[in-house]
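For reference, the structure is listed below as structure tokens.
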2 protein chains.
Amino acid sequence: MTAPPHEARPPRAGRALPDTQQGMRRRNLARVMHAVSAEGSLSRAAVASRIGLTRAAVSTLVDELIRWGLLEELGPERPGRVGRPGSALAVSGRGPAGIGAEIGVDHLAVCAVDLRGEVRARAVRHGANRGRAPQVVIEELTALVSRVVAEAESAELWPAGLAVAVPGLVARDARTVVRAPNLDWHDTDLGSLLPGGWPLAVDNEANFGALAELWLGAGTPPDFLHVSAEIGIGAAVVVDGRLLRGTRGFAGELGHVPVRPDGPACACGGRGCLEQYAGEEAVLRAAGLEPREDLVDLLAERAEAGDERVRAALRDAGTALGIALTGAVNLLDPETVVLGGALAGLSPWLLPALEAELTGRTAGAACPVAVSGLGPQGPLLGAAHSVVRAVLDDPAVVAERS
Amino acid sequence: MTAPPHEARPPRAGRALPDTQQGMRRRNLARVMHAVSAEGSLSRAAVASRIGLTRAAVSTLVDELIRWGLLEELGPERPGRVGRPGSALAVSGRGPAGIGAEIGVDHLAVCAVDLRGEVRARAVRHGANRGRAPQVVIEELTALVSRVVAEAESAELWPAGLAVAVPGLVARDARTVVRAPNLDWHDTDLGSLLPGGWPLAVDNEANFGALAELWLGAGTPPDFLHVSAEIGIGAAVVVDGRLLRGTRGFAGELGHVPVRPDGPACACGGRGCLEQYAGEEAVLRAAGLEPREDLVDLLAERAEAGDERVRAALRDAGTALGIALTGAVNLLDPETVVLGGALAGLSPWLLPALEAELTGRTAGAACPVAVSGLGPQGPLLGAAHSVVRAVLDDPAVVAERS
DNA sequence: ACTAATTTGTAAACGGCCATGACGAAATAG
DNA sequence: CTATTTCGTCATGGCCGTTTACAAATTAGT
């Protein structure tokens with residue numbers, strides 16, 4: 001577990017606030033929100049000492065945040081120490097909520113998360129989406145969103161934004177799906193298909209999964225490499241608490257890192273890419289299984305049961321992952337590598353070979369490998385929380401929106 | 001970690017100015033300096049419109065910067081347009097200077113750069129440093145620094161900091177050389193050997209080379225991957241205009257990215273690392289040459305002359321580089337890849353094979369490869385400029401220092 | 001039980017910083 | 001020669017956090 005930060009500092013948001021007196025005030029509002037959010041309940045004086053402002057300044061900031069409905073006063077604290085007890089502040093359970101959505105290969109999911117970080121509404125629809133037209137899928141997703149939003153509104157929440165996790169490459173405009181091979185989508189502008197009216201952010205599921213790990217994972221450091229696999233293999237690079245997106249938004253394509261330069265040809269144009277060894281198709285073939293919806297469970301079950309062919313397939317996938325990760329670790333020097341998504345569930349059979357490669361190839365300076373506790377829930381939670389974080393990072397936006 | 005705030009603090013520690021009114025003023029002072037520095041000469045009104053402040057505010061900022069000796073008034077501008085002509089401001093050619101130093105495998109170099117970015121003093125000593133004790137080498141380096149500082153001081157410059165480029169891995173404290181295989185140095189604390197009194201920053205030569213490319217290179221974008229090779233192969237990742245250093249400061253170890261997982265064993269513990277194919281030793285062996293000091297010139301000369309064995313060696317090195325870079329590009333999605341250091345001089349024979357691999361393996365989404373115009377001068381210039389940038393990024397420090 | 005000490009939250013005065021608006025100065029346009 | 005435009009500066013005002021002071025609420029000590 002990482003030591004509690006001496007100061008609850010909001011990670012520098014995507015779009016920095018202007019460097020003016022008003023921008024300073026907005027950043028201080030954010031610092032108050034983050035401090036209270038991190039501790040759950042805090043007095044004004046405690047916030048002041050934590051973020052380095054005076055009690056008087058914090059008082060005016062808190063007044064404003066209460067007026068906007070982002071904080072609420074819980075009443076006097078239980079007096080344990082000497083002196084007048086403070087009045088406990090907490091992040092409001094009403095007000096803005098983050099709507100997260102996930103487009104999986106064989107399911108759709110939507111949830112609403114309040115400012116406290118609690119999931120307040122959910123909706124899921126199972127069924128394969130592969131090859132279906134984006135319009136149809138988005139229509140169904142929109143219906144789920146409507147249901148979740150209605151449920152949230154009945155709990156006095158209002159949607160502050162919609163974030164959609166997609167199994168594919170997303171352009172930096174956070175609207176266009178450039179390529180989602182497992183859905184057969186290409187250059188699809190989700191911005192025009194999804195309901196307008198709220199801020200919208202579309203991103204790779206690996207990215208949202210990594211953010212969930214950063215924000216919700218136990219002891220996840222601000223510098224790590226998050227690897228996830230559904231059908232393709234994606235990774236997300238988090239540096240200093242921020243996602244590394246790349247010029248075109250395509251960073252993290254671990255699946256196409258060359259593992260054996262003379263290996264089998266890949267659809268990407270290369271040879272011997274990681275996906276040729278650790279991708280779903282490759283593992284299925286090596287395990288001698290047919291494609292199914294609940295593939296991960298099946299693989300885990302067979303491996304558990306002692307199916308030697310399945311175990312060998314997973315072992316080989318782990319080896320390939322280890323080779324690719326050796327390159328990534330040498331290049332990025334992350335604090336840890338986190339296995340998420342489907343890899344989390346299969347980690348008992350992947351990890352030994354993976355770690356053998358990784359530590360064997362990096363003598364001494366090995367990078368620890370951890371398994372995500374969020375597993376397949378990561379992307380959806382990360383999406384919803386990304387909206388919540390946007391509000392915490394700049395609480396003043398809600399004032400403009402009323 | 002108890003570090004005195006004044007001494008041994010890395011100039012570009014990345015630590016942002018405090019978020020207060022005074023911090024805001026300091027940032028605005030920096031914006032004025034950057035604006036004037038970028039244009040060479042600018043009136044107060046032009047600065048104001050460029051950085052988004054009012055003329056009145058800029059006036060007071062400029063007054064202060066002139067009082068500190070960082071800006072100087074050149075007098076009225078040539079009136080070409082309507083209205084009263086402005087008074088041209090320029091960055092002062094006197095005052096603080098950045099001292100850059102480079103410890104190469106077969107040379108030492110020091111230079112002084114003024115705030116305008118011009119090199120005002122140099123000193124070089126040739127001779128192999130491999131295997132010599134750090135104390136002895138640093139003693140010689142210190143002598144060179146003294147000469148350069150004396151020359152700078154006679155030109156009314158005073159050293160604002162010392163930055164040292166080293167061919168090896170440097171810890172994040174910017175003082176300790178963890179491993180420099182080509183010097184045979186291990187866990188050497190340069191901070192205690194180098195002259196005190198100034199802020200000190202030790203860093204990898206690849207990092208400083210990348211910064212030089214960022215700051216001085218023609219048209220270098222803020223997101224790129226800089227590859228350099230002296231004996232080992234180092235890379236530096238620049239994201240959004242900032243170096244990615246990694247948790248331990250070891251990011252960019254491209255030389256130990258696996259290229260052929262079953263290839264020859266490497267000192268790092270791995271097999272088939274890039275260095276086994278494109279490192280100096282490997283290229284020498286393939287080319288059938290003996291180690292020499294001016295190896296790069298020799299290789300270029302032979303290749304130019306048509307020596308087929310040398311050309312094949314460089315071609316193979318390019319291929320291996322291309323494979324390793326394919327992985328890096330997939331992971332980081334940089335805007336360009338820049339070849340610097342010794343690779344720049346050999347690029348005519350490396351590039352064809354390198355680009356063939358890179359574009360062939362990344363179908364369509366290829367990443368352009370550029371060659372550094374700075375070549376072997378990069379690290380030294382980057383080091384000196386890093387000190388200058390630190391002053392431009394926070395001009396108020398010079399006021400504290402007098 | 002009563003006083004002293006400590007801590008919290010708020011209010012008023014203060015100082016730093018930039019914006020606004022006005023003014024003189026120095027050029028061009030007609 | 002006048003009107004116009006632009007530059008640099010000054011006085012004023014608003015925003016924002018700090019300083020200082022004070023009442024309220026609790027514990028510690030007698």
Side-chain angles (χ1 to χ4, degrees), chain A residues 7 17-32 35-36 39 41-67 71-90 395-396 399, chain B residues 17-32 35-36 39 41-67 71-90 394-396 399:
Chain A
E7 169 181 329
L17 262 32
D19 197 3
T20 118
Q21 294 186 80
Q22 287 157 36
M24 190 174 80
R25 175 131 187 116
R26 289 171 73 152
R27 279 187 293 273
N28 282 337
L29 288 165
R31 292 166 72 192
V32 172
V36 176
E39 296 298 319
S41 164
L42 227 50
S43 71
R44 289 168 175 78
V47 171
S49 75
R50 198 164 290 248
I51 68 179
L53 293 180
T54 58
R55 300 198 308 275
V58 170
S59 262
T60 72
L61 292 165
V62 166
D63 283 350
E64 205 156 16
L65 292 168
I66 288 179
R67 199 167 342 117
L71 287 184
E72 55 187 23
E73 195 124 27
L74 295 184
E77 282 176 327
R78 212 42 73 64
R81 299 170 303 276
V82 62
R84 169 179 167 179
S87 179
L89 300 167
Chain B
L17 262 32
D19 197 2
T20 122
Q21 293 186 77
Q22 286 159 36
M24 191 174 78
R25 176 130 187 113
R26 289 170 76 152
R27 279 188 294 273
N28 282 336
L29 288 165
R31 292 166 73 192
V32 171
V36 175
E39 296 298 318
S41 163
L42 226 49
S43 72
R44 289 169 176 78
V47 170
S49 74
R50 194 165 290 252
I51 68 179
L53 294 180
T54 59
R55 300 198 306 274
V58 170
S59 262
T60 73
L61 293 165
V62 166
D63 283 350
E64 205 155 18
L65 292 169
I66 289 179
R67 199 168 340 117
L71 287 184
E72 55 187 22
E73 196 124 29
L74 296 184
E77 282 175 329
R78 210 48 68 64
R81 298 172 303 276
V82 191
R84 169 181 167 179
S87 180
L89 301 166
D394 185 13

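Quick caveat: nothing in here was measured; it's all calculated off a predicted structure.
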How many whole angstroms separate atom CG of B/Asn28 from atom P of C/dG16?
17 Å
Looking at B/Ala30 and B/Asp394, what are the two nearest heavy atoms and their distance?
CB-N, 4.4 Å
Report yes if a donor N or O on one partner sits less than 3.5 Å from an acceptor N or O on the other, where the partners are the side chain of A/Gln21 and the base of C/dG16; otherwise report no.
yes
May I ask you to verify if any side-chain N or O of A/Ser59 is less than 4.0 angstrom from the OP1 or OP2 atom of C/dT10?
yes
Could you tell me how far apart B/Ile51 (CD1) and C/dC18 (P) are, to the nearest whole angstrom?
9 Å
Most 5' of A/Ser43 and B/Ala56 on DNA chain C, judged by nearest nucleotide:
A/Ser43
Residues B/Arg25 and B/Asn28: side-chain donor-acceptor under 3.5 angstrom
no
Whether B/Thr54 contacts C/dC18 is assessed here as follows: a side-chain N or O lying under 4.0 Å from the phosphate OP1 or OP2. Is that the case?
no
Can A/Arg26 and A/Glu64 be said to form a salt bridge (Lys or Arg N to Asp or Glu O under 4.0 Å), step by step?
CA-CA 11 Å; A/Arg26 289 171 73 152; A/Glu64 205 156 16; over 6 Å; no
Expressed as a whole number of angstroms, how long is the span from A/Glu77:CD to C/dT8:C1'?
10 Å
Most 5' of A/Leu53 and A/Pro76 on DNA chain D, judged by nearest nucleotide
A/Leu53
Regarding B/Ala57, tell me which of base, sugar-phosphate or nothing describes its non-hydrogen contacts under 4.0 Å with the strands shown.
sugar-phosphate
So which one's nearest nucleotide on DNA chain D is more toward 5', A/Gly80 or A/Leu61?
A/Leu61
Check the distance between C/dA19's P and B/Arg55's CZ and give it to me in whole angstrom.
12 Å
Taking atom CD as the centre, does A/Gln22 end up with more than 12 heavy-atom neighbours from other residues, nucleotides or ligands that are less than 6.0 angstrom away?
no
Evaluate side chain to side chain contact (heavy atoms under 4.5 Å, CB included) for B/Arg50 paired with B/Val32, printing each intermediate quantity in order.
CA-CA 9 Å; B/Arg50 194 165 290 252; B/Val32 171; over 6 Å; no
Do the charged groups of B/Glu77 and B/Arg84 touch, with an N to O distance under 4.0 Å?
no
Answer with base, sugar-phosphate or nothing: what part of the nucleic acid does B/Ala45 contact at a heavy-atom distance below 4.0 Å?
sugar-phosphate
Whole angstrom is fine here: how far is it from CD in A/Gln22 over to P in C/dA19?
10 Å
Contact boundaries on DNA chain D for chain A, cut-off under 4.0 Å to non-hydrogen atoms:
D/dG14 to D/dT27
Using a heavy-atom cut-off of under 4.0 Å over every strand shown, decide if A/Arg25 touches base, sugar-phosphate, or nothing.
sugar-phosphate
Tell whether A/Arg44 reaches the base of C/dG9 with its side chain through a donor-acceptor pair below 3.5 angstrom.
no
Just to be sure I understand the rule, does A/Thr20 reach a base, reach only the sugar-phosphate, or reach nothing, if contact means heavy atoms closer than 4.0 Å?
nothing
Mind calculating the distance between CZ (B/Arg27) and P (C/dC17) to the nearest angstrom?
12 Å
Could you pull out the closest heavy-atom pair between A/Leu89 and A/Val36, with the gap in Å?
O-CG1, 3.8 Å
